[in-house]
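Report on one structure; see the data block that follows.
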Amino acid sequence: MHASSDEKFLYELFSNGTDIPGYCRLKRCLVDFEQISAQVHAVLDAGCGGGSKSVYLARNHPALKCHGTDIDENSLRNAEMMKARYRLENASFSQRDLVRCNDLGIFDFVIISDVLEHIDDDAQAARNIDTMLSPGGYLHLNV
């Protein structure tokens, strides 16, 4: 059996298979996303880490605008390198603290994967994210 080009891309994004938990979290997110993808125009990956989810969505859905945020500079450097490697014009990244950030715009689909449990004031971060979720928008939350 041969892996599809999407599966090969996923494998590559997740450290050539060494980040199996990250791979599984993205696969779970994609199940949610694919059910509503026709209704989504803008994605926020809140606490994006190295940007794998944003990069995957931007590459496979060129009409999407994907924005990833993270507080960690090193993670964002990795995200920017992946964005450049795949020449993605529809992905962007910024260093933001989710407790103090609610001004990135409005998004149809917000991903929060393994982030809230690392934030002391997670309730404020959730309120801020809620202000950026469009009415009728979708939230993929993984804790």
Item to check | Closest non-hydrogen atom pair, C101 against N128 | outcome: O-CB, 3.0 Å
Item to check | Closest non-hydrogen atom pair, L76 against C48 | outcome: CD2-SG, 4.0 Å
[X] versus [Y]: any side-chain heavy-atom pair under 4.5 Å?
X	Y	value
R77	N74	yes
K65	E89	no
S52	M82	yes
V110	V43	no
N60	F33	no
S94	L104	yes
F109	L44	no
L88	R59	yes

Checklist entry - Where does the angle between the aromatic ring planes of H67 and F107 fall among parallel (under 30°), tilted (30 to 60°) and perpendicular (over 60°)? => result parallel
Test item: [X] side-chain N/O and [Y] main-chain N/O as donor-acceptor pair under 3.5 Å:
X	Y	answer
D70	S75	no
N90	A58	yes
Q95	I71	yes

Are [Y] and [X] linked, directly or through intermediate hydrophobic residues, by side-chain heavy-atom contacts shorter than 4.5 Å (ILVMFWY only)?
X	Y	value
L26	I36	yes
I112	L57	no
I119	V143	yes
L64	M132	no
I106	I111	no

Could you tell me whether [X] atom [atom1] has more than 12 heavy atoms of other residues or ligands within 6.0 Å of it?
X	atom1	value
K83	NZ	yes
D103	CG	yes
E73	CD	no

Item to check | salt bridge (charged side-chain N to carboxylate O under 4.0 Å, His left out) between R127 and D130, intermediate numbers included | outcome: CA-CA 5 Å; R127 283 190 294 275; D130 185 54; over 6 Å; no
Checklist entry - Where do K27 and D32 land on the salt bridge (charged side-chain N to carboxylate O under 4.0 Å, His left out) test, with the steps shown first? => result CA-CA 9 Å; K27 292 289 281 189; D32 288 348; over 6 Å; no
Checklist entry - Hey, mind stepping through L98 and I129 against side-chain contact (heavy atoms from CB on, under 4.5 Å) and telling me if it holds? => result CA-CA 8 Å; L98 294 175; I129 290 165; 4.2 Å; yes
Checklist entry - Run the side-chain contact (heavy atoms from CB on, under 4.5 Å) check on E117 and D122 step by step: do they pass? => result CA-CA 7 Å; E117 66 270 25; D122 57 354; over 6 Å; no
Checklist entry - For Y138 and Q39, does a side-chain donor sit closer than 3.5 Å to a side-chain acceptor? => result yes
Checklist outcome for this item: Here the salt bridge (charged side-chain N to carboxylate O under 4.0 Å, His left out) pairs for residues 105-114, sequence neighbours left out, are R25-D114
